[in-house]
Structure formats: C-alpha cells, structure tokens
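Worth knowing before you read on, the calculation uses all heavy atoms, side chains too, and leaves out hydrogens, waters and symmetry mates. By convention in this document, chain letters (A, B, ...) are assigned in the order of the sequence lines, proteins followed by strands, and residues within each chain are numbered from 1.
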Amino acid sequence: MLKIRNIFKTKNKVNVTISSVSVLFFVLPVLVWMLFSFVPVTNGIQHKVAIIHPAIDKKKPIECIVVEVPADSIHKKYFYSDVDSVVCGEDICEVIILRMFWDEFGQYQRIEFKEGDELEKAEGKRFTKKDYQKLEEILRNKKSQLKDVFKEELVIGDVIEHGSEDVDAISGATSTVNESETVVGAVWTCFTLWHWANGELVSSIRNINAKGISNQKMIAVYLKSDTLKAKEFALEYLSKRRVYDSITVNAVVEELKKGDYNLLRTGLDYIENTTDNTKYYQMISRVFDKGDYQKRVACLNSVSSLGREGSTNFFTQLSTQISTFNYQEVEMFLSIAQQNNYSSSVLKQELIQLLKSENFLIARRAYWFLSNQENTKKEKRKLKSFHKKYKERL
Amino acid sequence: MKRRNFIRNVAGVAVASSILPLAASCKSLDGVAEEINKGNGDDEQWHQLGTGKKVPNPNRKKTVTYDVVVVGAGIAGISAAVASARNGAKTVLVNDRPVLGGNASSEIRVTLNGVNRLSTGLAERETGIVEEMLLENRLYNPQESYPVWDHIVYDYVVREPNLTVMLNTQAIGAEMDGTKIVSTRCWQLTTETEFTLKADVFIDCSGDGLMAAKAGALYRTGREGKAEFNESYAPDKADGWQMGASILLQGRDYGKPMPYTPPTFAIKYDGDNAHHERKINNFLDGYWWVELGSNHDIIDVQEDNRHDLMGYLHGVWDYIKNSGKFPESENYALDWVGSLPGRRESRRFIGDHILSETDLTKHRHFEDAIGYGGWSLDEHNPGGILDIKERPSFFHEKFKTVYQVPFSSLYSKNISNLMFAGRNASLTHIALSSTRIQGTCALMGQAVGTAATICVNKGITPREVKNKHIKQLQEMLMRDDVYIPKVVAKDSKDLAKKASAIFGSSTKSGDAKNVINGISRDIDGEINHWQSESVPATFQMEWNNPIKLSKVEIKCDTNLHKNITMRKQPLSEFLKKSFITTVPPELLKVLDLEVRINGSWVKVGEKDRNIARLIKFNFDQVKTTAIRINLKETYGHSTVKLFEVRAYEV
C-alpha cells in the first residue's frame with residue numbers, strides 16, 4: 001500500500017528523475033485515479049463529474065472522479081481527487097500524480113504525494129520547503145490572478161514588447177502573472193493546481209454534498225453552524241430549493257440578524273428569491289430591525305431596487321424606528337415611502353419630532369416630506385415655525 | 001525695419017523653393033524669402049472664360065489673429081489644440097497633411113500606444129483628451145477602420161467651437177519681436193494661400209518643429225554621451241544618431257492564392273541572416289523594424305529615406321511571399337502600404353529642463369509635473385534596417401510604475417512664448433525612447449494647450465506659468481481628467497469637497513467619500529473609488545446649506561488597466577489579457593442627474609449613450625441642497641465605479 005504523507009512534514013530527499021522524454025503535455029485525462037490510487041477506496045463514494053479545467057481545455061468539459069468520504073468519529077466529511085500535478089504548456093514538465101483534498105463545502109484543504117514524489121520547478125529543481133509554503137498560500141487565495149488567465153497567456157518569453165509599436169515575441173518562460181501569485185519557475189504547476197483547488201470542482205463538490213442533506217439538516221447543522229462557510233452553504237441551497245416555510249424563514253432571519261454584512265449579502269439572495277411579497281417584507285423588516293448601518297442600508301437598497309409593491313406593515317414598523325436612523329437611512333426610507341405614496345400618522349408624528357433633530361440634514365428631510373402631506377393645523381404650525389427658523393437653509 | 005528682417009531663418013530660400021513648388025516665385029531680389037505667393041504674370045494673365053474677363057493671377061494672402069496657434073495635428077497637437085480651445089482660448093490647429101492624427105492617422109497607422117504594459121503586466125492608460133478619442137473610436141468604429149478613425153478624430157476636433165482647423169497647411173516661418181514669436185507664416189497647399197497667423201502663444205507639436213526652429217528656438221539632435229546626464233544607456237560619447245522612421249503595411253487573406261511581384265524599387269531583404277527578433281509572425285501587420293534613421297540631419301534625408309523604406313518594405317513582403325519560407329502566406333496580399341514614414345526622432349527643443357534617463361528610472365519628483373509616461377526605455381538600434389544582424393530595438397528597462405513628466409520640458413528656453421509637446425520636447429535621446437509614445441505625447445499636449453490659456457488670460461509666458469501658476473495648471477489638468485502621479489487635486493472651487501453627506505445606494509468596494517479624495521484612479525495598490533453592489537445604483541451628495549450649482553462633473557470607470565487602442569491584427573490570447581476591442585464594459589452608459597430644490601428632485605441632465613470617462617453636466621444655475629446621480633446602465637458590467645464627483649457654482 002502506498003503511504004500518504006503531509007507535504008509539510010516531508011524532510012527526506014527523494015531522487016526524482018527529470019526526463020523531458022517522459023513528459024506528458026496537454027494530457028487530457030488529468031484525473032488518473034483509475035490508473036493509480038494512493039489508498040484503496042473502501043469507505044468512499046465515487047462521483048463522476050464533468051468540469052472545465054482551463055489548463056486542459058477552456059470550452060470542452062473533462063470527466064473527473066471525486067471521492068466523498070463520510071464523516072466518522074475522527075474526521076469530518078471530506079472529498080478528494082487524484083490529479084496530475086501539472087498540465088504543461090511547454091513540453092518540459094515532470095508530471096506526478098497527487099491527491100487533493102477539500103472539505104465538504106468545496107474549500108481546498110491540502111495536497112498529498114505518494115512516497116518519493118516531489119513537485120519540481122524549472123530546470124528540474126525540486127520544490128523547497130518555502131516553495132511548498134508559497135504554493136499553499138497560492139492555493140488558498142481564491143482571488144488569485146491565476147483565476148482569470150488561460151494557458152495561452154500564462155507565460156511569455158523574453159518579452160520583446162513590440163519594439164515601439166507592436167508584435168510580441170514569445171520564446172521562453174516569464175510569467176505574466178505577478179511573482180507573488182506563483183512559485184518562481186513553476187507557473188504551470190501553480191496554474192494547474194490552483195484551478196483544481198478552486199475551479200469548477202468546487203461547485204461540483206458542493207452540489208454532491210448538498211444532495212445528501214435534508215432541509216431540516218441544512219438548518220440544524222449548517223445554517224446554525226458557527227462558521228460563515230457553513231451558513232453560506234445553507235443559504236445557497238435553501239434559496240436554490242426555494243424553502244420558505246415558516247420554520248426555515250424564521251431560522252434564516254435569526255441567523256441574518258446575528259450575522260454580519262457578509263452573511264447578509266448571501267442572505268439577501270435567499271430573501272429576494274421568494275415570490276411572496278409578505279414574506280419578503282417580513283424578512284427584510286426583521287433583519288433591518290437589528291441590523292447595523294451596512295445591513296440596514298443593504299435592506300433599504302433591496303426594497304428600493306426591487307420595486308416590489310409596498311407593505312403597510314413594513315412602512316409602519318420602520319416609521320416607528322426612524323428616530324434611530326442616520327441620515328442616509330432616513331433619506332432612503334422616505335424616498336421609498338414617497339415612491340409608494342405612503343404616509344401615516346405614526347410616520348408624521350415621528351417626523352415632527354425629527355424637526356428638532358441635531359442633525360440638520362435629517363430635520364430638513366423630515367420637513368420636506370411633511371411639506372408634501374395633508375397636515376393638521378398643529379403640524380402646519382410646526383412646519384411654519386421650522387421654515388421661519390431655517391428658511392435660509394432650505 | 002523691413003518686414004523680412006524679422007524672418008529669422010536664413011535657410012528660407014532653400015526651404016521655400018523646395019517645399020513650395022506651386023509658387024511661381026518666392027524670392028526677393030536679395031534671395032531672402034519674403035513673399036510666398038507673388039507671381040510674375042501681368043494683369044491679364046488669367047483669362048476667365050466663365051466671366052469673359054482677364055484678371056491677374058490671384059495673390060492670395062490672409063492674416064488671421066488667434067490667441068493660440070498649434071502647429072502639427074498628431075495626437076500631441078490635437079490634445080494641445082482641444083485643451084486650449086476648451087479652456088477658452090481662440091485656437092487654430094495647423095496641419096500639413098490632409099488628415100489629422102499624425103503617426104496614428106490612416107496615412108501612417110502606428111498603433112496609438114501609451115503605458116500599455118508596466119512590469120506588473122498591467123496597463124496604466126492615459127486619461128483626458130486621448131482617452132476621449134479612443135473611447136469614441138471603440139463605439140463608432142467597431143470595424144476598426146483607419147480611414148473611419150481619421151474621421152472620428154476629425155469630428156472630435158472640428159466640433160470644438162473655439163477651434164479652427166487648417167489642413168494641408170504648413171507653418172514654415174516665424175516672425176519675431178525680440179524673443180517673442182509674433183506670427184507664423186503658413187502655406188496652404190490646396191488653396192494656394194499664404195496665411196499669416198498671429199497669436200499670443202505658439203505651440204509646436206509638429207515633430208520636426210520647423211516653425212520653432214525658424215523662430216530660433218534652441219534644439220539638439222543625436223545621442224548624448226553618458227556623462228552629460230549620467231545616463232547608463234547612453235553611448236560613451238555623444239554622436240549624431242537619430243532613431244529612424246518606419247513605413248508600415250497591412251496584409252489581408254483573400255481566400256485564394258495571391259501571387260506577388262515586387263515593384264522595381266523593392267530592395268531585397270536577406271531575412272535568412274536577420275536577427276531573430278526581426279520576427280515575421282503574421283501577414284496582417286508589419287513591420288516596425290523596416291526603419292531608417294540618420295547619423296546627422298535626418299530631416300535632410302527624409303525623402304531619400306522614404307523611397308528606400310518603401311523599397312525595403314516591398315523587399316520584406318517579397319521575402320514573405322516568394323522565398324518559400326512562408327507557404328502559409330500564399331493567400332495573403334498587400335491590402336494597404338504606407339507611403340509616408342512615421343518618424344520617431346529629429347529635433348528636440350531645449351526647455352528649462354531636459355528630461356533624462358534617471359528622471360525616469362529614479363522616478364524623480366517634479367513640482368511642475370503635468371503628466372506621466374511608462375513605456376519601456378525602447379531605443380531602436382542604430383542603423384535600423386541597414387543593420388539587420390542587430391536586434392531591432394534595445395528594451396533597456398521597463399517601469400514598475402509610471403514616471404512624471406515636468407512642464408519645464410515643454411517650453412522653450414530662449415523663445416518666450418513658445419511651447420512644444422511630443423517627440424520634439426526637451427528630452428535626451430534616451431528619455432525620448434520612452435516618452436515618444438503617443439499616449440505620453442498626448443498628456444504633454446493637453447498640458448501645453450491648457451497652459452497656453454493661462455498665458456493668454458494673464459498675459460504671461462509659459463515660464464511664468466511654471467514659476468508662479470503651476471498649481472493652477474495642475475488643478476486645471478486634473479479637473480480635465482489628466483492623472484498626475486503623486487499630485488492630489490485640491491480645487492478650492494469644488495463644492496463637492498464641502499458636502500455634508502456623501503453616500504451610495506450600496507457599496508461593494510471602496511468608499512463613497514473616495515470621490516472627493518483628489519485621486520481619480522486606483523493606483524499603487526490604493527483604492528480611490530466607490531463601487532456599487534449592482535446596477536442601477538444611486539449616488540448622493542447633500543449640503544447643510546444650499547449652494548448655487550451649474551456644473552457637476554463625474555469621473556467613472558473605463559478600466560484603465562486594459563488597453564483600448566486600435567490594433568491592426570486580432571488579439572492573441574496573450575494580448576487579450578491587457579487589451580480589449582470594445583467599449584469598456586465598465587463604462588457608464590445611461591445616467592441622469594437630479595438636484596433637490598425645495599425638497600423635490602428636479603432632473604437637470606441626462607445621458608442616454610455616454611461615451612466619456614469624464615461626464616459633464618452643465619445646466620442653468622440652481623440653488624440646491626443635494627444632488628442625486630442615477631446610475632442606470634453600463635456597457636455590460638454589473639456594477640458601477642465612480643472615482644470622482646465635482647460640483648461647481650459656475
């Protein structure tokens with residue numbers, strides 16, 4: 001049986017024969033688990049998926065096998081796949097097979113090698129410990145420049161940057177990607193592995209994982225988890241499945257109330273995905289109620305931009321809270337109210353109070369809103385007084 | 001004093017007789033050029049059959065007065081003239097060719113490059129006037145036709161109300177009052193008319209700089225020795241070499257075999273023994289290295305060089321088509337061949353500062369910075385096509401970030417009302433190898449055109465602008481969307497900076513207040529934008545006290561890290577990383593502006609097909625407490641970025 005070891009624990013030197021003759025370039029079936037496996041799959045479930053890997057073909061999907069390993073008393077559920085270390089564009093790379101691991105959310109975890117295998121750089125040099133550390137950082141950076149390049153533009157040579165005018169000459173291996181984004185001399189390896197770690201396999205793994213999770217479990221275990229990635233996972237699939245029963249809605253709202261703006265961004269997709277206007281406004285109101293500035297603005301922006309038919313309950317609830325709003329919130333809320341021709345005695349009462357706000361922008365905005373309403377004599381007197389006092393600032 | 005005594009250049013005879021063959025006589029008795037258009041016929045020389053009359057041959061002469069004369073309508077000259085006219089000076093743009101654009105025109109077709117690619121791999125595109133032209137070209141010329149580009153540029157220039165364009169007109173002399181140019185004498189080829197153009201300020205962007213030279217402006221040619229400016233890439237000793245001019249071609253695949261027979265003037269090209277960097281890797285666009293310079297007076301030999309360059313170009317095409325080395329060229333034929341060389345170097349006029357290698361490589365800070373460059377130090381090889389075993393250009397050094405260009409390199413040291421921009425500015429040969437790129441020249445042009453208006457308004461010289469009003473010049477340029485590295489805009493008249501509240505409807509990145517931080521692009525790793533989460537979006541500013549307002553100016557996103565210049569061949573996968581061939585998807589397309597008056601929003605402007613990065617709303621002055629910009633649609637991007645919002649009373 002082949003041993004699996006953690007690359008960062010490896011100290012022993014292993015001779016790796018560098019042979020350009022044996023190079024596999026533009027190898028299509030990158031997943032070679034069928035040919036060669038690190039450990040026998042006993043408790044794993046094999047899943048066949050079709051994905052695009054830009055190092056292989058940017059249009060034509062390839063078929064891969066991902067193995068799902070259920071949780072046990074020691075380990076959480078995880079996925080792995082055996083992949084080629086590099087799909088080389090220059091016919092000079094040594095290819096080894098390594099095993100890549102993801103957690104159940106498709107987040108890259110680590111890579112492992114069979115005994116004796118090492119990654120190599122240009123001119124057959126082996127990766128150093130620092131190179132492995134840098135590779136690890138690269139693979140964990142989901143926003144890497146490697147995301148947006150294709151193999152054709154990955155390296156350039158002795159860049160004759162078109163003399164004064166045009167034309168590029170390509171004859172070597174200078175990376176077009178920032179040095180900080182690659183291990184120097186191993187750009188093809190970084191590119192290949194980054195797209196395994198963070199490419200389309202990720203959504204495949206998430207889909208596989210979600211398939212076996214009931215809505216109840218999605219809420220109990222994932223939505224209520226302590227981690228952002230689990231909560232986002234739950235929100236994504238509850239939204240895709242359109243689960244809007246009261247228990248689910250309540251659970252989602254409670255989490256969004258507790259969570260930060262980043263969670264709300266995913267949560268708003270869930271909220272906005274419902275076709276039930278009442279539910280939409282209920283959720284928005286409840287999240288808004290306990291939200292910080294960023295979350296409240298996001299809620300108001302959702303209402304403003306979606307342009308759904310207004311909800312009296314929503315307006316009434318926010319009307320009672322308006323004295324706690326900052327200026328932007330006041331402005332956004334009153335604009336939405338005006339768009340919906342909403343007014344109420346509750347709102348007017350609150351706005352009359354705001355005429356005395358220390359923040360003059362708020363006071364003036366309240367004045368303008370009230371000026372366009374049907375007002376009682378008392379309200380009119382207040383407005384007249386405000387106008388007299390601030391006529392130069394209106 | 002006789003009028004001709006004001007004419008400085010004693011070489012006037014040779015110039016007049018060789019340049020102006022249509023004039024029957026242009027010599028006074030003592031041989032000094034005096035009048036261009038005086039003939040030898042009598043009063044009945046011209047028999048007009050239509051009227052039945054006999055009249056003298058017309059002696060057409062016109063004298064016109066402007067505030068600013070700009071000579072040369074390459075990208076630098078266009079930028080200078082448009083900047084001058086827009087800022088209020090009555091301006092004339094004089095061009096000796098029938099189309100505008102200089103090296104970028106359909107006559108020459110040099111790609112309008114700028115800071116295309118720093119060593120980071122990213123472009124840092126020039127903004128301001130050159131950006132406006134390139135954006136319009138992307139919208140109105142998706143077919144990427146060079147003749148259509150000519151007309152886009154023409155339209156861009158002639159629609160300026162303060163600007164007169166004179167084509168087919170060459171400025172060939174300068175009349176002086178001491179160190180000041182009083183007028184320039186011009187010959188308009190197509191109308192056989194001699195123009196005397198008077199102005200307060202003269203700007204020579206013609207490249208060769210005949211007018212400036214005639215005025216007596218000091219200049220140099222050739223390569224400085226290492227020691228003079230401590231330039232590591234300069235030769236040990238000064239010499240006369242000037243980088244050459246090139247003639248370009250465009251090929252086309254006709255889908256069937258297209259045989260080629262070279263003309264008799266073709267000069268055989270020994271491609272088998274050429275340096276490998278003289279690469280022939282396409283048949284659509286070539287070949288900048290078909291280049292001839294000079295060791296002494298490159299202007300003197302331009303016509304000989306033109307003839308030879310045409311011969312060399314056909315020689316290269318003959319090598320492609322008939323050597324048997326490029327069988328894949330079988331279906332290709334010449335679709336266009338240049339007849340006018342694109343020039344890189346000749347006169348470099350001397351300013352108060354001569355920009356040199358270390359100014360660029362050490363990123364020297366100039367208090368009078370007006371723009372930037374960042375093309376690599378790209379010095380073409382001495383000999384050009386005559387030295388094919390040598391690499392065609394030495395890419396001495398690339399820049400990680402942009403360098404500053406100072407105003408003191410853009411006005412004459414000894415002619416008080418003369419400025420210049422482009423390749424004839426005050427530069428060493430090595431500095432020129434980078435600054436000669438048209439995007440950089442455009443920034444120089446916009447700077448001198450803007451400075452000219454300060455000169456006119458205040459009745460001062462460019463040097464006084466540099467010494468006393470450089471902040472004003474910088475502020476004007478930045479307002480007009482020129483980026484000046486390390487300089488932050490602080491326009492005291494900008495009311496946006498006094499807003500009491502600034503916010504957007506959502507924020508994906510950056511901060512709403514970034515729009516008043518005085519830096520209108522993301523650069524050096526710093527974010528200077530506000531970005532919405534989605535489109536449509538709104539952006540709002542409020543003032544505690546009402547303000548009077550008649551102008552709102554917005555700088556939005558056009559993705560300055562990608563190039564939008566028109567190229568003559570399809571983008572390779574590699575180039576797609578740094579080039580796009582459409583209007584940038586990030587650009588705002590549809591938006592409107594509202595102001596709050598007495599509590600109600602009133603729309604004061606809208607754009608339903610915006611094509612500018614700097615979006616201006618001008619409207620009748622209102623008293624308002626807030627503005628709201630409704631950002632409705634981009635050219636495809638799902639978010640919108642703003643880099644700056646300004647507001648002005650007048």
With a 4.0 Å cut-off on N to O distance, would you call B/Glu542 and A/Arg365 a salt bridge?
no
Interatomic distance, CG@A/Leu394 vs CZ@B/Arg596, rounded to 0.5 Å, equals 11.5 Å
Bottom line for A/Leu361: the part with an atom under 4.5 Å from chain B's heavy atoms is both
Cut-off 4.5 Å, heavy atoms of chain A, and the answer for B/Glu533 is side chain
If one checks every heavy atom of B/Arg278 against chain A at 4.5 Å, the contacting part turns out to be neither
Heavy atoms of A/Asn301 and B/Ser506 approach each other most closely as ND2-CB, 3.4 Å
The interface call for B/Gln438 against chain A, heavy-atom contacts under 4.5 Å, is neither
In terms of heavy-atom contacts, A/Tyr261 and B/Thr507 come closest through OH-O, 3.6 Å
Closest non-hydrogen atoms of B/Ala501 and A/Tyr327, given as atom of the first, atom of the second and distance, are CB-CD2, 4.2 Å
- Message: Can you confirm whether more than 12 heavy atoms, excluding those of B/Asn545, are under 6.0 Å from its CG atom?
- Response: yes
The interface call for B/Trp543 against chain A, heavy-atom contacts under 4.5 Å, is backbone
Cut-off 4.5 Å, heavy atoms of chain B, and the answer for A/Glu392 is backbone
Turns out that what part of A/Ser335 lies under 4.5 Å from chain B's heavy atoms comes down to side chain
Practice problem: Evaluate whether atom NZ of A/Lys348 has more than 12 neighbouring non-hydrogen atoms of other residues, nucleotides or ligands under 6.0 angstrom away. | Solution: yes
Would you find a donor on one side and an acceptor on the other, under 3.5 Å apart, between the side chain of A/Arg393 and the backbone of B/Thr625? no
Checked A/Glu331, A/Arg265, A/Gln294 vs chain B; the most non-hydrogen pairs under 4.5 Å come from A/Glu331
